[in-house]
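Here's the structure, in structure tokens; my notes come after.
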Amino acid sequence: MDVLNVEYMLGLVPVLLRYLPLTLQLAGIGMVLALILACLFAVVRVLRIPVLNQLTIVFISFFRGTPLLVQLFLFYYGLPQLFSALTVIDGITATIMGLTMHFSAYMAESIRAAIVGVDRSQTEAALSIGMTNGQLMRRVVLPQATRVALPTLMNYFIDMIKATSLAFTLGVTELMGATQKEAAGSFLYFEAFIVAAIMYWIVVELLSKLQNYLETRLNKAYNR
Amino acid sequence: MIKLSSLSKHFGETVVLDEIDLAIEEGEIVVIIGPSGTGKSTLLRCINFLEQPTAGTMTVGDLTVDVNRASRADILSMRRRTAFVFQNYALFANKTALQNIAERLLVVDKWPKEKAYQRAREILDQIGLADKADAYPASMSGGQQQRVGIGRAMAAGADVILFDEPTSSLDPEWVEEVLGLMKQLASERQTMMVVTHEMSFARDVADRVIFIDGGHIVEQGPPGDIFHNPKDPRTKAFLKKILATSPV
């Protein structure tokens, strides 16, 4: 076994760091959009709104039932073929679309479960003082459902950060794409990818810290 | 001030309330007794629209609604006039005692924050929990939680407070403090409808005791008459059974 080229690895750090912001942007925008979509789906499912409920079920089934990579290729290569207006979709947009829809399907189910899990008598109490359904959701149900759903949602966020690496297959030069290019130039594949791996790892570790902090805060009301 | 006319509630084929007629004066303390599953709680829940009544009309204060024609606005309006105290307290678990009481003032009545919290603190004082303002329900005893539940109902400034077996979930050691608070409210002539199995409360506090069985008002009158001189055989049988276990 050859020794690791540590000097190369250290030199690669600042190079790859330039591409980390794009990775974080893909995941960050994807997460915000996926959360919004997932909340809408969850509310549609909980309230069983006719038609929308059925559509949501099919949507969730499809985006949970097919690989993310297939979905990305559908958005990037497939849609422009059907609708020429969609050729404007670039790799970044297609990645965000794919991440949003794929992960919203998963998150909708855990948000739905969390909403259903909120003590029914508190819902009645909120109605009994004259709250509207919207006020009930905003003030009583969603804050408590958030606490229940947080650990799983953070898991999906972590998964999404790593899933952004698939964007390189659509020609997006994010952390994974950049690493691929650097490695192909230097032939030091192990060094390049271990640096990338450590970068993903550190980001995820920082997120886990954030998760712990948020959980402690949200659990404040429930400590005896 | 409260008037129910031919109020009915059916669950499918089952008739839980059968054309109830009832009028309650302002400041009157009414205690509703009767066997389990005879529609006592359903009656209270219908008045607050937690259950949609099947037929009839209800008047609370200056609002009269035909239950089948009640708009969403009517239902909200009726709920705002009738405050509810739940058997299992049903406090908002994500809010402190103070916030539980202020919630209605802030969100429903749209009071400014400062005014709402000031009022909520006054109520905490009245219910003897000023020191628990920032405590969450999980850290309070059952008795304390139910007092906050009553405080939340008091904040509403409602025409009537509906108590649905307010002491039934409590450990015996907490029952007295909750009944004590209810007596205090009664002495201030807060209009109350109380479903309870606490016969001594009914005897000491009620202006009128109503015995419900099978979805009907079987008998009603001052507590002395009901407890010592019941007319209907069903009332007699019920009182005999319940007074054997908890004498008045």
Side-chain angles (χ1 to χ4, degrees), chain A residues 35 39 42-44 46-50 52 110-154 211-224, chain B residues 41 44-45 47-52 72-97 99-110 134-141 145 148-149 151-158 161-162 164 169:
Chain A
L35 263 180
C39 283
V43 170
V44 165
V46 170
L47 300 180
R48 297 212 177 84
I49 299 171
L52 285 181
S110 49
I111 293 174
R112 182 175 71 92
I115 289 177
V116 172
V118 174
D119 177 17
R120 165 101 195 124
S121 70
Q122 290 184 46
T123 301
E124 291 200 334
L127 292 177
S128 83
I129 58 176
M131 279 196 199
T132 62
N133 283 329
Q135 290 169 335
L136 158 72
M137 275 288 160
R138 249 192 354 267
R139 306 281 308 185
V140 177
V141 176
L142 289 181
Q144 296 188 63
T146 305
R147 166 178 166 263
V148 176
L150 183 77
T152 29
L153 293 182
M154 286 302 275
Q211 177 178 351
N212 288 340
Y213 168 76
L214 288 176
E215 280 183 31
T216 315
R217 266 195 58 156
L218 288 172
N219 280 329
K220 194 180 62 171
Y222 299 85
N223 299 327
R224 278 165 198 283
Chain B
S41 290
L44 295 192
R45 291 170 61 83
I47 296 173
N48 192 253
F49 271 103
L50 285 175
E51 303 285 352
Q52 168 68 40
R72 282 203 52 75
D74 288 336
I75 291 175
L76 287 179
S77 189
M78 193 58 101
R79 283 178 174 155
R80 288 167 190 182
R81 285 153 203 262
T82 56
F84 208 96
V85 175
F86 294 85
Q87 180 176 342
N88 63 354
Y89 337 129
L91 296 185
F92 305 127
N94 58 330
K95 297 182 192 299
T96 63
Q99 290 167 336
N100 263 279
I101 293 171
E103 185 70 3
R104 132 118 210 195
L105 303 172
L106 285 171
V107 179
V108 178
D109 302 320
K110 313 259 189 248
D134 299 322
Y136 287 97
S139 68
M140 287 190 272
S141 75
Q145 289 190 57
V148 174
R152 179 171 65 186
M154 290 160 65
I161 300 184
L162 310 165
D164 186 12
S169 304

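In what follows, chains are A, B, ... by sequence order, proteins preceding strands, each numbered from 1.
- Q135(A) contributes no side-chain N or O that, together with a main-chain N or O of V108(B), makes up a donor-acceptor pair within less than 3.5 Å.
- Residue L162(B) does not touch chain A at all, counting heavy-atom pairs closer than 4.5 Å.
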Apply side chain to side chain contact (heavy atoms under 4.5 Å, CB included) to F86(B) and S128(A), showing your working.
CA-CA 10 Å; F86(B) 294 85; S128(A) 83; 3.7 Å; yes

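- For E124(A) (side chain) and L50(B) (main-chain N/O), no donor-acceptor pair under 3.5 Å exists by modelled atom type.
- Looking at S77(B), neither its backbone nor its side chain comes within 4.5 Å of chain A, counting heavy atoms on both sides.
- Atom CG of N88(B) sits about 12.0 Å away from atom CZ of R120(A), to the nearest 0.5 Å.
- With rounding to the nearest 0.5 Å, the separation of CG in L127(A) from CZ in F84(B) is 12.0 Å.
- Taken from CG in L106(B) to CZ in R139(A), the straight-line distance is 6.5 Å, to the nearest 0.5 Å.
- Contacts with chain A were tallied for R80(B), E103(B), K95(B), M78(B); E103(B) has the most, counting heavy-atom pairs under 4.5 Å.
- Contact detail for V140(A) and N94(B): the closest heavy-atom pair is O-ND2, 4.2 Å.
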Would you sort out whether R79(B) and I129(A) count as a side chain to side chain contact (heavy atoms under 4.5 Å, CB included), showing the intermediate values?
CA-CA 6 Å; R79(B) 283 178 174 155; I129(A) 58 176; over 6 Å; no

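- Between A125(A) and R152(B), the shortest heavy-atom contact is CB-NH2, 3.4 Å.
- Taking each heavy atom of Q144(A) and A93(B) in turn, the nearest pair found is OE1-CB, 3.6 Å.
- For R72(B), the part sitting under 4.5 Å from any heavy atom of chain A is the side chain, from C-beta outward, and nothing else.
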